[in-house]
Amino acid sequence: MTETLDALKERTLGAIAGAADLAALDQVRVAALGRKGAITEMMKGLGTLALEARREQGQRLNALKDAIAEAIAARQAALEAASIDARLSSERLDVTLPARPEREGRVHPVSQVTDELIAVFAEMGFAIAEGPDIEDDFHNFEALNIPPEHPARQEHDTFYFEPRADGSRLVLRTHTSPVQIRHMLSHRPPLRVIAPGRTYRCDSDMTHTPMFHQVEGLVIGEDIHMGHLKGCLRDFCEAFFEVADLPMRFRPSYFPFTSPSAEVDIGCSRSGGQLKIGAGDDWLEILGCGMVHPKVLRNGGIDPERWQGFAFGMGIDRIAMLKYGIPDLRSFFDADLRWIDHYGFGALDVPTLFGGLAR
Ligand code: PHE
């Protein structure tokens with residue numbers, strides 16, 4: 001005599017409640033609902049019943065199947081929550097504890113690399129400029145020759161704030177280029193600044209995170225040309241990566257705020273999951289650059305008949321990945337102590353060109 005539906009239900013629900021982990025729960029599911037499971041077998045047997053009995057039994061089987069599936073889903077959610085709780089308590093960290101001198105903190109690669117690139121550009125006579133993370137449309141787009149209907153706006157995957165009373169919307173800056181405008185409007189040329197900082201785009205994969213870091217460069221003078229741009233970036237890359245004859249390529253490109261424009265890639269290899277600069281047949285894009293567009297100079301209060309210059313925007317996280325062989329950008333922002341222990345830097349190793357950028 002086969003088991004009654006009620007007995008099957010009771011037995012299965014009991015097993016679900018008793019499943020100690022996700023693997024055990026899955027076994028219960030397979031035994032009841034799998035291809036050869038008890039309920040599946042009973043469903044197959046329906047065909048031998050008379051019409052009326054078949055309908056009645058079919059409804060009862062469906063109800064049972066739903067009840068079991070629901071119980072499994074609930075148990076699964078509970079088991080998953082329990083495993084997160086277990087992990088949270090085993091990795092517990094009291095952030096209010098005072099610092100322990102025997103356990104020195106580590107400097108995050110983004111902070112380290114920012115200090116390193118500041119050291120290199122400072123040596124070339126660059127000052128540091130800053131601007132706000134929350135920008136208005138004028139500085140982030142309009143003044144950079146990106147009018148409202150410009151397709152470049154779509155490419156930026158902008159995070160917008162709620163509209164203000166006048167209908168305008170602030171944004172999380174999508175690049176550090178607005179600092180160019182702020183700096184031009186508040187200083188007289190000649191200019192030579194870099195502006196490192198956080199930037200934001202609604203984008204996430206192995207090489208993109210919604211918050212990332214850029215450093216902007218701006219050089220304005222009476223006789224600045226593209227040769228200066230190339231020389232400056234080559235000198236920077238060789239000093240920063242500490243590799244002579246670094247493979248670099250300048251690809252013609254387009255940005256509304258520069259003309260002509262280029263993108264720069266650095267040679268690398270990705271074999272064995274390790275990212276390495278120099279040797280290899282792969283390229284990683286690290287920056288965009290070009291000669292500052294006359295309209296942008298004018299929007300910055302600078303006369304393009306007299307002054308010209310170049311600008312660049314470089315991904316700090318990108319060059320940190322390249323220099324220190326970190327394969328996944330998302331790991332930068334996981335706040336995982338084991339990661340920072342591995343990839344972090346000693347707090348007292350301040351990067352300088354004479355002392356070495358990183359030890
Ligand atoms: N702002 C550009 C970007 O984020 C980079 C760039 C800066 C290009 C300055 C040219 C000049 O992609």
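Not measured: the values here are computed from a predicted model. Just follow the structure's listing: the first ligand is 1, and inside any ligand the first atom is 1.
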CD1-CG distance between I266 and D282, expressed to the nearest 0.5 angstrom: 13.0 Å
For R201, the ligand 1 atoms whose distance to one of its heavy atoms is below 4.0 Å: 3 (C), 4 (O), 12 (O)
Aromatic ring pairing F312/F310, orientation class (parallel under 30°, perpendicular over 60°, tilted between): parallel
Sub-3.5 Å N/O-N/O distance, T174 and ligand 1: no
Ligand 1 atoms in contact with S177 (distance to a heavy atom under 4.0 Å): 1 (N), 7 (C)
Element-labelled atoms of ligand 1 that are located less than 4.0 Å from some non-hydrogen atom of C289: 8 (C), 10 (C), 11 (C)
Within-cut-off N or O pair, H175 and ligand 1, under 3.5 Å: yes
Contact with ligand 1 for F257, non-hydrogen, under 4.0 angstrom: yes
Side-chain H-bond candidate by donor/acceptor type, D136 with S168, under 3.5 Å: no
Identity and separation of the nearest protein heavy atom to atom 5 (C) of ligand 1: G313 CA, 4.0 Å
Check: F257 ring centre within less than 6.0 Å of H175 ring centre: yes
Mutual orientation of the aromatic rings belonging to F121 and F236 [parallel < 30°, tilted 30-60°, perpendicular > 60°]: parallel
Parallel, tilted or perpendicular: rings of Y324 and F345 (30°, 60°): perpendicular
Smallest separation among heavy atoms of V179 and A195, with atom names: CG1-CB, 3.6 Å
Atom indices of ligand 1 within 4.0 angstrom of Q214 heavy atoms, with elements: 3 (C), 4 (O)
Numbered atoms of ligand 1 (with element) below 4.0 Å of Q180, judged on heavy atoms: 9 (C)
Ligand 1 versus H293: contacting region, heavy-atom distance under 4.0 Å: neither
